[in-house]
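Below is one structure; the comments refer to it alone.
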Amino acid sequence: MSFETAFFERSASDQKDFPASRLPEIAFSGRSNVGKSSMINRLLNRRSLARVSSAPGKTASVNFYNLGFCRFTDLPGYGYAKISQSEQKSWGRLVEGYFCSGRDIRLVVQIIDMRRDPMPDDLEMAGFLTAKKIPFAIAASKTDKLKRSERKKQDALLRDRFGRGALCFLPFSSVTGEGMLELRRIIRDVCKNPRKKTGQ
């Protein structure tokens, strides 16, 4: 189960363009500019396989990365205020279509910026995953940007808000590598055993 042989498989802006669900999938979800692509690159030990956008809200597709033993899916970021209402609806259809199409989704890595209080969209997404009985882990990104006292406060807050429904709460830094080995272990574990497809 190697993470370092991954390759970009496909970018899909419509459900009909999703690749066939023949591998366990690990989805990465979060607000725009929360660090999804940076996290994926760190997990795969690659500098720029997943493109890091400098313009939040511009990614309007689901990007698929093939690792051989599983597939990573990088979902478009939500919550960017400057996109139009029609774009928001398009995002909703695309992401809901992904989750409700019966794919073999083993885990959603729900990424929260450790520096920020959770936004309503974050809580709504966690509620959606809980209602759909899709396993998810909370990964608190950008931990390296906080002082110790700030981190302790935010850690307690986020664990309180998300701890009940999530499989685990994991501090993560794409800069220092904190949390990388633990998240890799979790991904390997959830990919080992068959699981009923979601959305059926």
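Computed from a predicted model, the values in this text were never measured in an experiment.
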Subject >> side chain to side chain contact (heavy atoms under 4.5 Å, CB included) assessment of M114 paired with S173 >> reply: CA-CA 10 Å; M114 185 75 152; S173 170; over 6 Å; no

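- The shortest non-hydrogen separation linking I138 to F136 is CD1-CE1, 3.9 Å.
- R115 meets the salt bridge (Lys or Arg N to Asp or Glu O under 4.0 Å) test with D113; sequence neighbours excluded.
- Atom OG of S37 sits about 6.0 Å away from atom OH of Y65, to the nearest 0.5 Å.
- Taken to the nearest 0.5 Å, the CG atom of D121 stands 10.0 Å off from the OG atom of S29.
- What you find for R47 and N41 is that their closest heavy atoms are O-ND2, 3.5 Å.
- Distance CG/L107 to CD1/I26: 5.0 Å, rounded to 0.5 Å.
- Without hydrogens or angle criteria, R106 side chain to C70 main chain gives no donor-acceptor distance under 3.5 Å.
- The two residues L75 and K36 have their closest heavy-atom pair at O-CE, 2.8 Å.
- The backbone N or O of M119 lies less than 3.5 Å from a partner atom in the side chain of D122, making a donor-acceptor pair.
- With rounding to the nearest 0.5 angstrom, the CG atom of L67 is 8.5 Å from the SG atom of C191.
- Cluster annotation: F7 and F18 are assigned to distinct hydrophobic clusters (Ile/Leu/Val/Met/Phe/Trp/Tyr, side-chain heavy-atom contacts under 4.5 Å, transitive).
- Side-chain atoms of Q154 come within 3.5 Å of backbone atoms of R116 as a donor-acceptor pair (strictly under, hydrogens ignored).
- Scanning all heavy atoms of the two residues, the minimum distance from S2 to E4 falls at OG-N, 3.2 Å.
- A 4.5 Å side-chain heavy-atom check between Y98 and Q15 finds every atom pair outside the cut-off.
- Between atom CG of residue L181 and atom CG of residue L43 there is a gap of 9.5 Å, rounded to the nearest 0.5 Å.
- Cluster annotation: F169 is not connected to L157 through the hydrophobic network of ILVMFWY side chains, with a link wherever side-chain heavy atoms come within less than 4.5 Å.
- Scanning all heavy atoms of the two residues, the minimum distance from M39 to A139 falls at CE-CB, 3.7 Å.
- The same ILVMFWY cluster, assembled from side-chain heavy atoms under 4.5 Å apart, contains both M1 and I187.
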**OP:** Dump the intermediate steps for side chain to side chain contact (heavy atoms under 4.5 Å, CB included) on L23 and N66, then the final yes or no.
**Re:** CA-CA 9 Å; L23 289 170; N66 193 314; 3.6 Å; yes

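- Closest non-hydrogen pair, R103 versus P19, comes out as NH2-O, 2.7 Å.
- Atom CD of E124 has 12 or fewer heavy atoms from other residues, nucleotides or ligands within 6.0 Å.
- I111 and L167 fall within the same hydrophobic cluster, defined by Ile, Leu, Val, Met, Phe, Trp and Tyr side-chain heavy atoms under 4.5 Å apart, directly or through other members.
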**OP:** Evaluate side chain to side chain contact (heavy atoms under 4.5 Å, CB included) for Y78 paired with M125, printing each intermediate quantity in order.
**Re:** CA-CA 10 Å; Y78 57 79; M125 191 67 191; 4.1 Å; yes

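- The shortest distance between side-chain heavy atoms of R184 and R188 falls below 4.5 Å.
- Under the 4.5 Å side-chain criterion, counting only non-hydrogen atoms from C-beta, P76 is in contact with L94.
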**OP:** Decide side chain to side chain contact (heavy atoms under 4.5 Å, CB included) for T143 and D155; before the verdict, give the C-alpha distance in whole Å, the side-chain angles of both, and the deciding distance to 0.1 Å.
**Re:** CA-CA 10 Å; T143 57; D155 186 281; over 6 Å; no

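- If you take CZ on F69 and NZ on K192, they are separated by 10.5 Å, rounding to the nearest 0.5 Å.
- In terms of the side chain to side chain donor-acceptor pair (under 3.5 Å) criterion, residue partners of R151 (sequence neighbours excluded) are, by chain and number, E178.
- Residue pairs meeting the salt bridge (charged side-chain N to carboxylate O under 4.0 Å, His left out) criterion with at least one partner in residues 6-24, sequence neighbours excluded, are E9-R71.
- Between E182 and R185 there is a salt bridge, with a side-chain nitrogen of the basic residue lying less than 4.0 Å from a carboxylate oxygen of the acidic one.
- Checked against the 6.0 Å centroid threshold, F72 and F8 do not count as a close aromatic pair.
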